[in-house]
2 protein chains.
Amino acid sequence: MSDDCVLPKSDVQAEACPIVQIIDRVAGKWSVSILVAAIRKPVRYTELERSVPGISRRMLTLTLRNLERDGLLERTVYPTVPPKVEYSATPSARELYGHLTGLLEWAERHQPDIIEARKAYDEQALAA
Amino acid sequence: MSDDCVLPKSDVQAEACPIVQIIDRVAGKWSVSILVAAIRKPVRYTELERSVPGISRRMLTLTLRNLERDGLLERTVYPTVPPKVEYSATPSARELYGHLTGLLEWAERHQPDIIEARKAYDEQALAA
DNA sequence: CTGGATCCATTTAGATACTG
DNA sequence: CAGTATCTAAATGGATCCAG
């Protein structure tokens, strides 16, 4: 999605780009939900399908692969019949989650501001 | 992009959804760059076009409107000829930025892990 | 059970011409 | 200068079928 941070064309981008990369890593409809589920306890594929209602098989697999590729999830295959695969959160993912709850704290503190800002903005847009 | 957090269909989603909403607020290629620029000092429209190389007028305007709607940017119009419009970061945006740099700290600490994880993942995928 | 592969609808974003 | 409107290209996501 985002270009690499090499050869930033402005100092603003040089500062913003690494942040954008992290955001992108957990952006999208599904990543955080899967992360949350896997942090609670190791989860199986089908279990995730139920925990994250509305996700398609395709998106579940894609999201799992991306999270695994970034070292946020660990995939363990049990060579049984039928196959059993478990996804568990890595220590790295748990730390990241800590920062995300920090963001959540910000959101809760500013929720009134945001709601008011949106209301003001939408009303003013309506008037025009 | 994301549905509202009303009537979560699972407890995992109930926990994840508010986080997803915040992430989405600053996700995408451009939001963070614009935020960074506006935090340094109030910036004008054309100035942003230069500070954020590659952005189109359309995306610049759309992103500005979204950030303004969420109360992260304040838009000030000076009724001069030619017109002058300045965008400045709100206190709320500055606090949010603090949390984002927290994420950045995480990224820097785990960058080696991530690079290694990706390398391992890609090599193993290649072997298959 | 755990996916991979394919096809198609939807969404999103870039280019650019036009305006007060 | 600071946008808006329109058209088009590209990415994204869902549905479905197939396989170890």
Side-chain angles (χ1 to χ4, degrees), chain A residues 1-3 9 13 20 23-34 37-38 42-69 73-88 121 124-126 128, chain B residues 1-3 9 13 20 23-34 37-38 42-69 73-88 121-122 124-128:
Chain A
M1 170 174 272
S2 61
D3 304 329
K9 300 201 182 78
Q13 287 214 320
V20 171
I23 300 282
D24 279 358
R25 177 162 303 135
V26 290
K29 252 187 157 89
W30 313 112
S31 295
V32 174
S33 292
I34 291 175
V43 279
R44 300 180 59 175
Y45 190 89
T46 314
E47 209 170 347
L48 280 169
E49 269 192 291
R50 281 191 302 271
S51 301
V52 189
I55 195 172
S56 66
R57 278 214 174 79
R58 181 183 132 92
M59 288 315 296
L60 177 55
T61 301
L62 279 177
T63 308
L64 285 171
R65 293 294 167 271
N66 284 331
L67 293 174
E68 187 195 351
R69 192 174 111 94
L73 288 185
E74 188 175 11
R75 180 172 180 268
T76 311
V77 181
Y78 298 90
T80 57
V81 176
K84 171 180 173 181
V85 179
E86 268 188 356
Y87 295 90
S88 54
Y121 182 91
Q124 121 86 28
L126 210 66
Chain B
M1 169 173 274
S2 59
D3 305 328
K9 301 202 183 75
Q13 287 214 319
V20 171
I23 301 283
D24 279 358
R25 176 164 303 135
V26 290
K29 253 189 159 90
W30 312 113
S31 296
V32 175
S33 292
I34 292 175
V43 278
R44 301 179 60 173
Y45 190 90
T46 314
E47 209 170 345
L48 280 170
E49 268 191 293
R50 281 191 302 272
S51 301
V52 189
I55 195 172
S56 66
R57 280 219 173 81
R58 182 185 128 91
M59 287 315 295
L60 178 54
T61 301
L62 279 177
T63 309
L64 285 171
R65 295 291 170 273
N66 284 331
L67 293 174
E68 188 196 351
R69 193 175 109 95
L73 288 185
E74 188 174 11
R75 181 171 179 270
T76 311
V77 182
Y78 298 90
T80 58
V81 176
K84 173 179 172 181
V85 178
E86 267 188 356
Y87 294 89
S88 54
Y121 182 91
D122 291 349
Q124 121 86 28
L126 210 64

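Lettering of chains follows the sequences in order, A, B, ..., and the numbering in each one begins at 1. Note that the structure is predicted; figures quoted are calculated from it, not measured. The figures that follow rest on heavy atoms only: side chains count, while hydrogens, waters and symmetry mates do not.
Of all nucleotides listed (D/dT4, C/dG3, C/dT2), C/dT2 comes nearest to the side chain of A/T46.
Phosphate contact (OP1/OP2 of C/dG3, side-chain N/O of A/Y87, threshold under 4.0 Å): present. For the pair A/R65 and C/dT2, the criterion of a side-chain N or O lying under 4.0 Å from OP1 or OP2 is not met.
Protein atom CG of A/L64 is 11 Å distant from nucleotide atom P of C/dT2, rounded to whole Å. The distance between atom CD of B/E47 and atom C1' of D/dC1, rounded to the nearest whole Å, is 13 Å. If you take OH of B/Y45 and P of D/dC1, they are 12 Å apart, rounded to a whole angstrom. In this structure, B/L62 atom CG and D/dT6 atom C1' are separated by 13 Å, rounded to whole Å. Between B/L60 atom CG and D/dA2 atom P there is a gap of 10 Å when expressed in whole angstrom units. Protein atom OH of B/Y78 is 12 Å distant from nucleotide atom P of D/dA2, rounded to whole Å.
In terms of heavy atoms, B/S31 sits closest to B/V26 at CB-O, 3.8 Å.
Residue B/T61 is classed as a base contact, given a heavy-atom separation below 4.0 Å to a base.
Shown here are the side-chain hydrogen bond (donor to acceptor under 3.5 Å, both in side chains) partners of A/E86, two or more places apart in sequence or in another chain: A/Y78. Annotation: salt bridge (charged side-chain N to carboxylate O under 4.0 Å, His left out) contacts of A/R44 (sequence neighbours excluded): none. Not counting sequence neighbours, the partners of B/Y87 by the side-chain hydrogen bond (donor to acceptor under 3.5 Å, both in side chains) test are B/R65, B/R75.
Helix bend of the helix from C/dC1-D/dG20 to C/dG20-D/dC1: the angle between its two end axes, each built from five pairs, comes to 40° after rounding to 10°.
To the nearest 0.5 angstrom, A/I34 atom CD1 is 13.5 Å from A/K29 atom NZ. Expressed to the nearest 0.5 Å, how far OH of A/Y121 lies from CG of B/N66 amounts to 7.5 Å. In this structure, A/Y45 OH and A/L64 CG are separated by 7.0 Å, a value rounded to the nearest 0.5 Å.
Between B/D122 and A/R69, at least one side-chain N (NZ, or NE/NH1/NH2) sits under 4.0 Å from a carboxylate O, which counts as a salt bridge.
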Can you give each donor-acceptor pair under 3.5 Å made by side-chain atoms of residues 51-60 of chain B, sequence neighbours left out, with the distance rounded to 0.1 Å?
residue: B/S51; atom: OG; partner: B/E47; partner atom: O; Å: 3.0
residue: B/S56; atom: OG; partner: B/M59; partner atom: N; Å: 3.3

>> At under 4.0 Å between heavy atoms, how does the protein contact nucleotides 14-20 of chain C? Give one character per nucleotide, 5' to 3', with B, S or -.
In response: BB----B
